[in-house]
Amino acid sequence: MLNLLIMPILNMLSIIVKIIVYPINQLATNLLPDISSKIVEVSNYIESMFDSINWALGVLPVSILITLLFILSVEVTRHTIFVSTYLIGLVFDIIKKVKFW
Amino acid sequence: MKKFLMFLTISLVSILFLPNKIYAKNIFPALPINEDFPYIISVYDLGEDIGTRKIYLTYCKDSSYHIRAKGNITEYGMCVDSNGNDQGLAYRRGLDYNGSDITKELIVNNRADFSSYSWGNEQHASWYGTILTYDNALSRLNYIKDYSFSGDYEIPSNLTTIIYTNNDIYNSSFDTIVFNKNLLNEDTNEMRCDTPSDYKYLGRVYGLNTFDFVVEKDIQFPINDEEINYDSNFDGVFQFTFSDKLDPLPTAQDFTITYTNDNNVPLIGNYDLTCENNACFVEYHYSTTSSELVHAKLTFYITYNGVNPLPSVDIRACPLVGINNYYTYSNSATGTGDILNDLNNNNINLGVLANVSSWLPTGPIDSILTLPIKMLQSLSDSLNRTCNPINVNLPYVNKNITLPCINTFYTNIGAGTFFNWVGVMVSALMLLEYFVFLYNWLNNVFRLNERNLKVWGTTGKGGYY
């Protein structure tokens with residue numbers, strides 16, 4: 001559930017970041033190839049360390065993890081509803097000001 | 001009184017909602033110390049609920065090696081040859097009860113860990129590295145379950161990969177299973193893919209739209225002590241073919257390839273994949289700055305995730321070596337083929353979207369900027385998985401250590417149940433506080449006393465909506 005809510009957002013963010021920095025990336029890769037490859041290598045190392053989060057979460061009992069997951073899902077849903085309502089309200093305000101007649 | 005009743009209700013509800021896997025159960029005898037096993041089947045039975053079982057098959061890279069139990073049962077096993085020397089690598093394959101989650105691990109430096117729930121059977125060495133038909137795979141799993149096995153299966157030695165149906169095991173769907181075998185073992189200076197015999201059999205797929213396989217490639221250069229400038233890049237081509245022409249032809253987007261170097265560090269984005277007729281080519285790139293003899297093992301994880309199911313095809317692979325201006329090199333290629341069988345997976349697969357970001361090349365800037373996002377992705381993934389022991393390579397001393405899961409530790413010292421009950425009590429209190437918070441907030445909102453979004457666990461306002 002949480003995965004379904006969060007993963008698309010994170011993927012979109014990742015793509016947006018990649019698109020924005022693409023020209024800078026190309027510049028850096030061509031001008032400083034050695035440093036660039038080292039940065040990528042170090043980043044990959046750090047990224048591989050993130051996979052150990054799974055192990056670290058194992059410190060907590062399963063029941064607490066499930067509870068946190070549940071609370072997090074409700075909170076994300078609550079935020080989503082609030083933001084959506086707020087935005088719909090804004091759009092409605094604009095529509096009210098438009099005179100079709 | 002009101003609060004007490006609320007607490008009681010919430011506690012009961014939370015306990016009902018919790019799965020039964022908080023009760024660890026050891027249903028298998030301990031492994032005899034210092035005995036050899038052709039493989040280890042580990043069953044992590046985390047509860048009374050049958051759905052919480054996980055089965056792991058651990059085996060060595062070479063079929064002539066065995067896993068030897070070392071120390072005590074809570075420690076690890078090692079792949080050893082007939083002289084008892086450390087050899088090769090161990091692999092581990094895992095499957096969930098529902099078949100939807102396959103754990104694929106390469107256990108580095110011979111460490112084949114197993115818990116006190118592990119169990120091996122040296123009586124059936126013929127099972128090792130052979131094809132598992134549905135029947136004998138079922139028997140194997142039932143053997144784990146019931147301590148009973150009967151039947152003698154004739155197993156074709158030239159086949160290596162099982163295809164599993166979605167028949168019931170333990171009265172539920174079990175449509176995915178992965179077992180594999182070391183196949184390719186060539187040691188030649190130069191490999192070509194000119195004749196059919198150059199292509200090594202990896203496995204067979206039946207009407208799948210999702211499968212993956214692993215290919216390992218050892219590269220070593222320079223050869224013959226040549227004076228070569230090898231402070232350079234390494235390029236190569238890996239090719240795999242299908243027995244039938246695929247229609248529609250797979251595209252690069254249908255495949256996901258990740259590969260790691262010999263330190264098991266993922267190398268991302270440095271490949272190009274093209275398909276034509278019944279063959280796909282993977283061009284990869286490997287950089288090194290070493291000025292000494294370089295021996296690197298690239299492990300490719302290739303996943304096909306096409307829209308249309310593939311017909312029944314044999315997958316063969318030929319690891320072409322690349323030659324650039326700087327060096328030639330020897331190549332010993334080993335490969336394993338495994339199939340993720342997903343016969344019933346005809347639904348729209350949203351997982352394709354998860355890899356969209358890999359379409360763009362990875363660069364230094366975005367690799368830094370997207371680190372927090374990747375951390376969140378790992379966190380989100382981790383919350384939905386059970387713990388796996390981690391292998392850590394210690395720098396400078398080049399030693400691997402395995403950190404077992406904490407719940408294994410608690411179980412071993414006999415405090416597993418206590419640990420879980422503490423978790424249940426804390427969870428109940430957390431839920432109580434959260435529901436009280438939620439009730440107060442909703443009450444205020446509906447009474448029009450509150451217009452802002454309050455965030456649980458903070459005193460401030462969550463936004464200005």
Minimum-distance pair of heavy atoms, taken over all atoms of A:Phe70 and B:Leu431: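 Where A:Phe70 meets B:Leu431 most closely, the heavy atoms are CD2-CD2, 3.8 Å.
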
Under 3.5 Å: donor-acceptor pair, side chain of B:Thr370, backbone of A:Ser14: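 No.
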
Distance from [X] atom [atom1] to [Y] atom [atom2], nearest 0.5 Å?
X	Y	atom1	atom2	result
A:Ile19	B:Asp366	CD1	CG	11.0 Å
A:Ile66	B:Ser427	CD1	OG	8.0 Å
B:Ile365	A:Thr29	CD1	OG1	8.0 Å

Side chain / backbone / both / neither for A:Ile20 at chain B, heavy atoms under 4.5 Å: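 No part of it gets close to chain B.
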
Part of A:Val74 lying under 4.5 Å from any heavy atom of chain B: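 Both backbone and side chain of A:Val74 come within 4.5 Å of chain B.
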
Leading residue by heavy atom contact count with chain A [cutoff under 4.5 Å; candidates B:Leu369, B:Leu371, B:Leu438]: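 Among the listed options, the one with the most contacts to chain A is B:Leu371.
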
For the candidates [options], which exhibits the highest count of non-hydrogen atom pairs separated by less than 4.5 Å from chain B?
options	answer
A:Ile71, A:Ile35, A:Val21, A:Val17	A:Ile71
A:Gly89, A:Ala28, A:Ser36	A:Ser36
A:Leu32, A:Ile24, A:Ile39, A:Thr85	A:Ile39

Any A:Ser43 side-chain heavy atom under 4.5 Å of B:Ile368 side chain: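 Of all side-chain heavy-atom pairs linking B:Ile368 with A:Ser43, at least one is under 4.5 Å.
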
Partner of B:Ser367 under side-chain contact (heavy atoms from CB on, under 4.5 Å), chosen from A:Val42, A:Val40, A:Asn25: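 Single side-chain contact (heavy atoms from CB on, under 4.5 Å) partner of B:Ser367 among A:Val42, A:Val40, A:Asn25: A:Val40.
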
Contacting region of B:Tyr434 [heavy-atom separation from chain A under 4.5 Å]: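 Contact with chain A involves the side chain of B:Tyr434 alone.
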
